[in-house]
Participant: 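Following this message is one structure expressed as structure tokens.
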Amino acid sequence: MAPRANWKGFLRLSLVTCPVALYPATSESEKISFNQLNRQTGHRIKYIKVDQDTGDEVPNEDIVKGYELEKGQFIEVTKEELEEIALESTRTIEIDEFVGKSEIDPRYLIRPYYLRPEGKVGHDAFAVIRETIREMNKVAIGRVVLTSREHIIALEPMDKGLVGTLLRYPYEVRSEQEYFDEIQDVKITKDMLDLAKHIVNQKTGTFDPKKFEDHYEGALVELINQKRAGKMIRPKERPKGENVVDLMEALRQSVGREKGTVTASTPKKSAKKPRKAASGQKEMLMPIAGKKQAKEIGAKKQPAKSQRRSA
């Protein structure tokens with residue numbers, strides 16, 4: 001079942017309108033998250049809203065928004081005043097123009113959403129808009145209000161629906177010049193470039209997200225399981241970086257190493273035997289509830305019959 005919609009309203013192309021719903025296309029809920037605790041008691045930390053000057057707790061109904069003109073001088077803005085300036089894009093995604101996808105600078109991309117028809121009506125109009133964008137091989141640019149702010153959204157077809165990617169405004173993107181101006185102009189020899197290209201060819205593959213592994217998330221799961229088992233945590237030795245003295249020689253060695261890596265990575269028929277759980281490892285091998293990756297790492301082996309009887 002799909003998650004709750006972040007936004008519901010209408011998608012409009014000139015006079016063609018249909019009801020739609022916007023859903024988040026990504027999620028970070030499966031990642032391990034930590035709570036803040038009191039080291040002395042082990043209890044969770046609770047945050048309360050207090051008056052900066054008096055230190056008294058302030059109830060939610062007494063909290064208003066304010067814009068700071070000068071230090072300590074604010075202009076209060078009420079919820080009703082903000083609703084008065086609500087934009088049409090609060091309830092409607094109006095398609096303003098169509099552009100080529102390659103024209104959108106990746107620095108402007110924020111996050112993707114799924115867009116689909118809402119309810120039983122409007123599927124025909126939605127399909128007309130979707131297939132028109134697909135046939136023209138364009139990206140539709142519109143506006144939508146999320147969390148009280150108007151965003152630019154780029155729409156493109158995906159299967160039977162649309163993917164909408166929020167875009168940044170120009171004032172949110174920093175100029176590259178302030179970072180790149182001090183980079184030295186260096187002349188690269190053809191031999192160096194040929195060796196570097198050879199390395200790239202050896203490492204060239206196809207984009208497959210399933211190959212990506214979150215090593216840090218896996219390390220977190222391992223750390224938590226080890227602490228649950230009461231094992232002592234010892235710091236690992238960090239790899240040391242080496243300065244490249246001879247760039248040409250480093251490129252030659254890299255070519256040889258990549259060739260060896262390709263050979264070594266050839267799949268073998270012999271299957272790897274599962275590691276046998278040691279005594280007292282039952283707790284460590286239990287999954288961390290609610291985490292997909294933890295289930296893969298933690299739930300490796302059921303306890304032996306003798307262990308179940310003794311429990």
Side-chain angles (χ1 to χ4, degrees), residues 1-8 21-68 71-72 74 76-80 82-83 110-114 145-149 151 166 168 172 209 212-238 275 277-303 307-308 310-311:
M1 186 176 180
R4 290 179 57 185
N6 279 30
W7 180 92
K8 290 183 180 181
L22 201 65
Y23 297 85
T26 59
S27 171
E28 295 193 358
S29 61
E30 296 299 332
K31 286 190 173 183
I32 289 177
S33 58
F34 294 100
N35 294 301
Q36 292 186 322
L37 308 176
N38 182 338
R39 187 194 299 272
Q40 304 298 327
T41 64
H43 301 157
R44 288 183 61 177
I45 299 297
K46 179 182 177 182
Y47 289 94
I48 58 175
K49 298 177 180 179
V50 299
D51 187 298
Q52 182 175 307
D53 293 335
T54 66
D56 297 331
E57 185 174 355
V58 183
N60 286 333
E61 59 268 22
D62 290 338
I63 297 177
V64 297
K65 295 180 182 293
Y67 177 80
E68 189 172 23
K71 189 170 179 61
F74 298 89
E76 292 185 6
V77 181
T78 66
K79 181 181 179 182
E80 292 72 25
L82 291 173
E83 289 176 350
I110 301 179
R111 72 181 68 88
Y113 288 86
Y114 293 137
V145 171
L146 293 174
T147 61
S148 305
R149 300 299 296 264
H151 300 270
L166 298 189
R168 294 181 173 89
E172 296 179 283
F212 301 159
E213 181 181 348
D214 191 337
H215 297 287
Y216 183 71
E217 186 77 2
L220 281 178
V221 174
E222 183 180 355
L223 171 65
I224 292 171
N225 281 328
Q226 287 182 358
K227 291 182 75 72
R228 290 172 73 181
K231 298 189 71 174
M232 183 179 294
I233 307 300
R234 293 183 174 86
K236 297 180 180 179
E237 186 177 348
R238 299 286 182 183
R275 186 172 58 184
S279 176
Q281 229 177 356
K282 176 182 177 182
E283 184 68 13
M284 183 179 69
L285 296 180
M286 289 178 63
I288 299 173
K291 306 298 177 184
K292 289 181 180 177
Q293 190 166 3
K295 290 177 182 177
E296 296 173 1
I297 295 174
K300 290 182 179 177
K301 188 176 179 69
Q302 294 292 330
Q307 287 179 316
R308 288 201 293 269
S310 61

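Residue indices begin at 1 and follow the sequence shown.
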Participant: In the structure I gave you, are the side-chain heavy atoms of Asp214 and Tyr216 within less than 4.5 Å of one another anywhere?
Facilitator: yes
Participant: With a cut-off of 6.0 Å (strictly less than), are more than 12 heavy atoms of other residues, nucleotides or ligands near CD of Glu172?
Facilitator: yes
Participant: Provide the closest heavy-atom pair for Gly42 versus Leu37 in the form atom of the first, atom of the second, distance.
Facilitator: O-CD2, 4.0 Å
Participant: Can you name the closest pair of heavy atoms from Val50 and Val58 and give their distance?
Facilitator: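 Shortest heavy-atom separation between Val50 and Val58 comes out as C-CG2, 4.0 Å.
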Participant: Testing the basics here: between Val145 and Trp7, what is the closest heavy-atom pair and its distance to 0.1 Å?
Facilitator: O-CD1, 3.3 Å
Participant: Are any side-chain N or O atoms of Glu68 and backbone N or O atoms of Gly72, one a donor and one an acceptor, separated by less than 3.5 Å?
Facilitator: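 Looks like yes, one N/O pair under 3.5 Å.
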Participant: Between His151 and Arg149, is there a side-chain heavy-atom distance shorter than 4.5 Å?
Facilitator: yes
Participant: Is any side-chain heavy atom of Ile45 less than 4.5 Å from a side-chain heavy atom of Asn38?
Facilitator: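 Of all side-chain heavy-atom pairs linking Asn38 with Ile45, at least one is under 4.5 Å.
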Participant: Which pair of non-hydrogen atoms, one from Asp53 and one from Asp51, has the smallest distance, and what is that distance?
Facilitator: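 So the two residues come closest at N-OD1, 2.9 Å.
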Participant: Where do Lys49 and Asn60 land on the side-chain contact (heavy atoms from CB on, under 4.5 Å) test, with the steps shown first?
Facilitator: CA-CA 8 Å; Lys49 298 177 180 179; Asn60 286 333; 4.0 Å; yes
Participant: What heavy-atom pair brings Arg4 and Pro24 nearest, and what distance separates the two atoms?
Facilitator: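 Shortest heavy-atom separation between Arg4 and Pro24 comes out as O-CD, 4.1 Å.
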Participant: Taking atom CD as the centre, does Glu76 end up with more than 12 heavy-atom neighbours from other residues, nucleotides or ligands that are less than 6.0 angstrom away?
Facilitator: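 Open.
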Participant: Which heavy atom of Glu217 sits nearest a heavy atom of Ile32, and at what distance?
Facilitator: OE2-N, 2.6 Å
